[in-house]
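Throughout, numbering of the chain's residues begins at 1 and tracks the sequence.
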Amino acid sequence: MSMLEVRGLCKSFDTLSILENVNLTVEEGECIAIIGASGCGKSMFLRSLELLEVPDQGRIFVAGQEITAPQADVDGIRRQMGMVYQKFFLFSHLNVMDNLCLAPMKLLGMSRQEAEGRARELLAQVGLLSKAEASPKVLSGGQQQRIAICRSLMMEPKLLLFDEPTSALDPTMVGEVLAVIRMLARQGLTMLIVTHEMNFAREVADRVLFFADRGIYEAGTPEEIFEHPQKTKTIAFIQRQKSFRYEVRERDFDLMEMQGGIWTFGEKYGIPAREIYRLQLCCEETIYSVMAGCYGEHEPICLDLEVFYREAGREIELAFCYRGRKYHPLEDEQASGDEAGISSAAILQKIVSVRSYTYDQGENQLRFLLNPRKSKN
């Protein structure tokens, strides 16, 4: 028996069609990642499964029971599904333990002792047993989302739905929530996860669904979707560019702000830490070399940096646009170098390849590729 079966699901608002004839079967223990552009119907699809949004047409079966049937026990079938939202929705006037115990006591008939025992087991699994008596107000966003996951698990669901569970979190907190979901996947819990974390989807999912054109546009294994997509819109989405931009307009620009932005950008898209460090080094050396070689001491600085990351191929490209005299950091090195006599050009030559350089009407356009780090094996 399938854990979830969706047949011909349709949903619209007035004349705006959101989902059309969506069909899906999910087997017990499967972990399904749902990806796609904003507004493509991913969250609407999850909400329709619990009838939080009532479909216009279609039938939905959860563990063999049809929740869309006219006389269905909707509340009873819903209890077999847990939902984790973008926002945490914890009761702020209750402590963590009370948040976890409330629903199973009222809806499943658990005793307080039984509920607390189960809650402590779950809190220990997610590393928050010490927060059992804490107020949600004093917890970080990542901690609150871990508590929200525990709250869903307290109802012992057969199917767990995640609606972009990390989108409301600071980048530093995303990892802790994803670690919990990885743990649940290893335990064999049946899950549907709407996510924008592509590396996570690639790592955890058994199948990936790409939503576009009002439904499941393409489906397959992570390797099929991320490495060998077949359809035009899937290819465009998977190979899309992610970019970070920064402007330098004065010599004493905020280097730490730029480096912090690069680090956050790299972490968001799963770039390894060692590659982020090399990216930061390349940006810093290029900018200071350009300021030393292209501009006089009192000349105004006008330099724009853009970093591109292409998830397909893990390619990192840097584009520098700077006005002033003609200057190529790797060919016209004028900077004095550091105290050890190592010039910016020497550093850059080790970590980048020049893709292109042009100079036209007072504007330099320089593009680098960050060389892949060589293994020391």
**Prompt:** Salt-bridged, Arg323 to Glu363, with N to O below 4.0 Å?
**Reply:** yes
**Request:** Look at the rings of Phe211 and Phe45 and say which category their plane angle falls in: under 30° parallel, 30 to 60° tilted, over 60° perpendicular.
**Result:** tilted
**Message:** Please report the interatomic distance NZ(Lys42) to CZ(Phe210), rounded to the nearest 0.5 Å.
**Reply:** 9.0 Å
**Asked** How far does CD of Glu66 sit from CZ of Arg7, to the nearest 0.5 angstrom?
**Response** 7.5 Å
**Separation between CG of Leu209 and OG1 of Thr234, rounded to the nearest 0.5 Å** = 11.0 Å
**Between OG on residue Ser130 and CG on residue Leu123, distance to nearest 0.5 Å** = 9.0 Å
**Request:** Evaluate ring-ring contact (aromatic ring centres under 6.0 Å, His included) for Tyr357 paired with Phe320, printing each intermediate quantity in order.
**Result:** CA-CA 10 Å; Tyr357 172 76; Phe320 297 89; over 10 Å; no
**Request:** Mark yes or no: Lys233 above the aromatic ring of Phe237, with NZ or CZ under 6.0 Å from the six-membered ring centre and no more than 45 degrees from the axis.
**Result:** no
**Prompt:** Under 3.5 Å, side chain of Arg325 to main-chain N/O of Cys294, donor-acceptor pair present?
**Reply:** yes
**Asked** Can you tell me how far CD of Gln187 sits from CZ of Arg182, rounded to the nearest 0.5 angstrom?
**Response** 14.5 Å
**Request:** Give a yes or no answer on whether the side chain of Thr25 reaches the backbone of Glu5 with a donor-acceptor pair at less than 3.5 Å.
**Result:** no
**Prompt:** Between Tyr246 and Phe244, how do the two ring planes meet: parallel, tilted or perpendicular, split at 30° and 60°?
**Reply:** parallel
**Prompt:** Quick one: are Leu366 and Leu318 in side-chain contact, heavy atoms under 4.5 Å?
**Reply:** no
**Complete:** Looking only at heavy atoms, the pair that brings Ile262 and Cys283 closest together is CD1-SG, 3.8 Å
